[in-house]
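In this chain, residues are counted from 1 in sequence order. Not measured: the values here are computed from a predicted model.
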Amino acid sequence: MKSHAVLVLTCCLIFVSSGTQAQIKTWPLLNLFFKNQFDKNGNHHGRWVFTTDAVGDNESMVSKGRYKHGLMIGQWKTFDANRKLRKVEKSLLVDSTSLIETSEFFQNGQLKKQGIAVLDKSGPSPRFYLKGEWTYFLENGTPDKKVLYENGWGVMTTYADGKVIKSPAPPVVLPKKPQNQSNTRSGVKMIRKGNEIITIQYKENGDSTVQITPVKPLN
């Protein structure tokens, strides 16, 4: 009986050692230990680690977390090049949408901004946008402002000094311009009007978009 058991164990060890790495990765149990994988439909699935190029203040970031068939789940963490925690995201999965409670931090560890973001995959293409009230802080920890978002558009900004600025409308798409006009070249035009900045973006195909952004009043 003992010799039979030894023979079976030896055969199992030989089978495992002779398998290729690709074959081992296809085992569901072992897949739990690998990262940056996809499901059968090509969606991000399981544990993922992203490394981004330098952005913003010339900082590169590393984000770590899990996906479930293309949607963020559980807790995600983002670190800078010095391994300092710069962002924490806690994602709740609801149908085809991730509701992401987000907290971002300055290099000194002070809270930078906080609010809810949404990753929606219910439509023909994924959409990421901010939702509800977001709170923003200065680098010394002093409150700066609160911005209320509706469907990704900031509709009202309340500054720490009590001043409130409302945004009248979300970005709109203007009708296409005739292709034979000379002013259909791409470009961006910014105009300040009172406590708002109006940004007009012209595209090569003649489309134009207008975005209105509230700003602090000039002293």
Side-chain angles (χ1 to χ4, degrees), residues 16-17 19-154 157 213:
V16 171
S17 62
T20 64
Q21 186 178 15
Q23 289 173 326
I24 293 177
K25 285 187 178 181
T26 61
W27 296 0
L29 180 61
L30 292 181
N31 266 345
L32 296 174
F33 303 101
F34 293 93
K35 64 183 180 182
N36 295 8
Q37 297 188 88
F38 300 88
D39 63 14
K40 63 181 181 180
N41 295 318
N43 297 311
H44 296 70
H45 191 64
R47 187 169 65 94
W48 271 75
V49 177
F50 291 97
T51 301
T52 62
D53 293 330
V55 294
D57 300 326
N58 273 340
E59 294 181 289
S60 59
M61 300 285 181
V62 175
S63 298
K64 302 178 180 181
R66 299 188 69 85
Y67 281 102
K68 184 177 181 180
H69 303 298
L71 288 168
M72 296 171 62
I73 59 172
Q75 182 170 268
W76 281 71
K77 291 185 178 182
T78 299
F79 301 87
D80 62 19
N82 297 318
R83 298 185 180 181
K84 291 184 178 179
L85 182 64
R86 301 298 298 276
K87 183 192 294 186
V88 175
E89 297 168 288
K90 298 178 181 179
S91 181
L92 174 64
L93 187 60
V94 180
D95 296 328
S96 298
T97 302
S98 289
L99 301 178
I100 308 166
E101 181 182 327
T102 306
S103 298
E104 291 191 29
F105 305 91
F106 290 104
Q107 283 184 330
N108 62 5
Q110 289 284 356
L111 184 62
K112 183 177 184 179
K113 56 184 176 181
Q114 193 171 49
I116 300 294
V118 178
L119 175 59
D120 186 357
K121 294 195 67 178
S122 60
S125 59
R127 182 169 177 244
F128 182 85
Y129 60 93
L130 306 186
K131 176 183 179 180
E133 187 176 79
W134 276 67
T135 304
Y136 295 79
F137 299 86
L138 301 177
E139 198 164 357
N140 61 5
T142 304
D144 181 27
K145 61 185 177 182
K146 293 184 178 180
V147 180
L148 180 63
Y149 292 92
E150 291 184 3
N151 200 30
W153 174 250
T157 301
T213 306

Tell me every residue that passes side chain to side chain donor-acceptor pair (under 3.5 Å) with T78, counting only those two or more places apart in sequence or in another chain. S63
Side chains of Q37 and H45, heavy atoms from C-beta outward: is any pair under 4.5 Å? no
So with a 6.0 Å cut-off around CG of N140, is the heavy-atom count from everything else above 12? yes
Residues two or more places apart in sequence or in another chain: which of them pass side chain to side chain donor-acceptor pair (under 3.5 Å) with S125? none
Got a second to check how far T102's OG1 is from I116's CD1, nearest 0.5 Å? 6.5 Å
By salt bridge (Lys or Arg N to Asp or Glu O under 4.0 Å), which residues pair with D80, not counting sequence neighbours? R86
Pairs flagged by salt bridge (Lys or Arg N to Asp or Glu O under 4.0 Å) wherever residues 121-142 is involved - sequence neighbours left out: none
Residues 100-110 vs salt bridge (Lys or Arg N to Asp or Glu O under 4.0 Å), sequence neighbours excluded, gives K87-E104, E104-K113
Checking T135 now: which residues fulfil side chain to side chain donor-acceptor pair (under 3.5 Å) with it, not counting sequence neighbours? none
Using only atom types and a distance under 3.5 Å, with no angle test, would you say the side chain of W76 pairs donor to acceptor with the backbone of V88? no
Return the set of residues passing side chain to side chain donor-acceptor pair (under 3.5 Å) with Y136 (not counting sequence neighbours), or none when no residue passes. Y149
For S98, which residues count as a side-chain contact (heavy atoms from CB on, under 4.5 Å) partner, sequence neighbours excluded? L71, M72, S91, L93, I100, L119
Distance, nearest 0.5 Å, that separates CG of D144 from CG of L138: 4.5 Å
Contact list for residues 69-78, test salt bridge (Lys or Arg N to Asp or Glu O under 4.0 Å), sequence neighbours left out: none
S103 versus L111: any side-chain heavy-atom pair under 4.5 Å? yes
Name all residues meeting the side-chain contact (heavy atoms from CB on, under 4.5 Å) criterion together with S96; count only those two or more places apart in sequence or in a different chain, and write none if there are none. S122
List for me each residue that meets ring pair (Phe, Tyr, Trp, His ring centres under 6.0 Å) alongside F38, sequence neighbours excluded, and say none if there are none. H44, W48
Are F137 and F105 close enough, and set up right, to give a side chain to side chain contact (heavy atoms under 4.5 Å, CB included), and what steps lead you there? CA-CA 9 Å; F137 299 86; F105 305 91; over 6 Å; no
Pairs in or reaching into residues 78-97: which pass ring pair (Phe, Tyr, Trp, His ring centres under 6.0 Å), with residues at least two apart or in two chains? none
Nearest 0.5 Å please: distance from the OG1 atom of T51 over to the CE atom of M61. 12.0 Å
